[in-house]
Asks: 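Take this structure, written in structure tokens, and hold onto it; I'll ask about it next.
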Amino acid sequence: MKNRIAIREAVTENDVKLFWEKLREYFVRDIFPEDDEDRAYFLGEEYFQAISAVHDREVDKCRYLFFERNGEDIGFAMPVTFLSEDGKCFIMEFCVFPEFRGNGCGRECADALMDWCRERGAQYFELNSGGNPRRENFWKNSGFVNNGFDEWGEPLMLLPPEEELPISIELLEDPDDWQLKKLENGFLKEIGEDVLSEEKQEALAKAVKEGKIAFFIAKRGSRAVGMCSVAEYWSTFSCAETGVFEDFYIEPAFRGKGIARMLAQKAQKWSAERGLSSLAVCCAPCDEEMYKSLGFETALGKILAHL
């Protein structure tokens, strides 16, 4: 059909070579116009080898795709669908060539890409927006929402899954889990703090390993969508071990589904089983009613701090 967007996967040696040529042109033109360390990395051998390994692996491989219209290449995309997990399709790269932009071409290409991926098992979609307002608005028009930050502190957008799956609450076993870093960065940015530095990531993992803090993770299938933590300390007020409820965060796209209550109840039950004398939370006045509804009903005065 004339003017219809078609997708061609780059599988021949020549097509793969062409894909990488167009990808590097895109990096220089659209993503890294300044000649800096980021541009050097994405144009270099290390990035090429890393992506090639994902492209060539047996499962959850990324695809090199071209958008075609009337037999002519007009753009490309690089998605990876995690079929071994929950069917998340991460759109690593998406580009419509400059001469074809406008008149809804980008929207047609995005729709064609998602249809192509759904036919091959994708259940929902995620991408990095780079904090670019134009890019955010483009994907919002396709139903994406801002949804926290990844483990490197880059802003994420999500086209939420249509299917509802059971939510489970698990005690974190692996303190180096990348999903903990993702949730922690989302939490920190939401309260106006900087994302975790490499040094702080190491300190956090060390605290978990040493049992100074316990994290509870809410999972939709294999995807971590929320968390809370309990830090233990010995209280002279009660002359017993007590706990502080912290790091309470749910990804925006998964709020309003009862996950907050599930996390709070899990932390409260765990604290009681540990024999903690109490579980307290420090909160802003605007959050008091929410925490009362989650079972934190006893007022213990105000908390003042010297920082």
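The basis for the numbers below is simple: all heavy atoms, side chains too, and nothing from hydrogens, waters or symmetry mates. Just so you know, these numbers come straight off a predicted model, no measurement behind them.
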Asks: Do the side chains of E210 and K206 get close enough for a salt bridge, i.e. N-O under 4.0 angstrom?
Replies: yes
Asks: Check whether any side-chain heavy atom of Q123 lies under 4.5 Å from a side-chain heavy atom of E163, and answer yes or no.
Replies: yes
Asks: Would you call D73-R8 a salt bridge at under 4.0 Å N-O?
Replies: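 Salt bridge: yes.
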Asks: Can you tell me if CG on N137 sees more than 12 non-hydrogen neighbours from other groups inside 6.0 Å?
Replies: yes
Asks: Would you say K140 and M157 make side-chain contact, with heavy atoms under 4.5 Å?
Replies: yes
Asks: Between S142 and R107, does a side-chain hydrogen bond (donor to acceptor under 3.5 Å, both in side chains) hold up when you go through it step by step?
Replies: CA-CA 8 Å; S142 286; R107 179 70 44 242; 2.6 Å; yes
Asks: Using the ring of each side chain (for Trp, its six-membered ring), is F97 parallel, tilted or perpendicular to F76, with breaks at 30° and 60°?
Replies: tilted
Asks: For the residue pair F32 and F42, is the inter-centroid distance of their aromatic rings smaller than 6.0 Å?
Replies: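 Between F42 and F32, which both carry aromatic rings, the centre distance is below 6.0 Å.
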Asks: Would you indicate whether the side-chain heavy atoms of K209 and D176 approach each other to under 4.5 Å?
Replies: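 They are in side-chain contact.
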Asks: Please tell me if the side chains of I191 and Y249 come closer than 4.5 Å, counting only heavy atoms from C-beta onward.
Replies: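 Contact flag for I191/Y249 side chains = no.
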Asks: Quick one, L180 and L204 - any side-chain contact, counting heavy atoms below 4.5 Å?
Replies: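 Yes; the side chains approach each other to less than 4.5 Å.
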Asks: With a 4.5 Å cut-off on side-chain heavy atoms, are L156 and E126 touching?
Replies: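 When only atoms from C-beta onward are counted, L156 and E126 do touch, with a gap below 4.5 Å.
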Asks: Provide the closest heavy-atom pair for L83 versus D60 in the form atom of the first, atom of the second, distance.
Replies: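 Nearest pair, atom of L83 first, then D60: N-OD1, 2.9 Å.
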Asks: Would you check, one step at a time, whether the test side-chain hydrogen bond (donor to acceptor under 3.5 Å, both in side chains) holds for D150 with N185?
Replies: CA-CA 7 Å; D150 66 16; N185 281 340; 5.5 Å; no
Asks: Applying salt bridge (Lys or Arg N to Asp or Glu O under 4.0 Å) as the test, list every pair that has at least one member in residues 27-56; sequence neighbours left out.
Replies: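 Sorted result for residues 27-56: D30-R101.
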Asks: Among Ile, Leu, Val, Met, Phe, Trp and Tyr joined by side-chain contacts under 4.5 Å, find the other residues sharing a cluster with W270 and list them by chain and number.
Replies: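 Besides W270, the hydrophobic cluster comprises Y124, L158, I167, I169, L171, F216, V225, V230, F245, F248, I250, F254, I259, M262, L263, L276, L279, V281, M290, Y291, L294, F296, listed by chain and residue number.
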Asks: Are the side chains of K182 and R223 in contact, using a 4.5 Å heavy-atom criterion?
Replies: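 R223 vs K182: side chains touch.
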Asks: Do S235 and C239 touch side chain to side chain, with heavy atoms closer than 4.5 Å?
Replies: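 Contact flag for S235/C239 side chains = no.
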Asks: Ion pair present between R220 and E164, side-chain N to carboxylate O less than 4.0 angstrom?
Replies: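 Salt bridge: no.
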Asks: Would you mind checking if E170 and K219 are paired as a salt bridge, meaning a charged N to carboxylate O distance below 4.0 Å?
Replies: yes
Asks: Step through the shown structure and confirm whether more than 12 heavy atoms of other residues, nucleotides or ligands are within 6.0 Å of CH2 on W152.
Replies: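 Open: at most 12 neighbouring heavy atoms sit under 6.0 Å from CH2 of W152.
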Asks: Please verify the inter-ring angle class for H55 with Y64; under 30° counts as parallel, over 60° as perpendicular, anything in between as tilted.
Replies: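 Answer is parallel, since the angle falls under 30°.
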Asks: Is the terminal nitrogen or CZ of R120 (NZ for Lys, CZ for Arg) located under 6.0 angstrom from the six-membered ring centre of W116 and within 45° of that ring's axis?
Replies: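 Pair R120/W116 counts as cation-pi.
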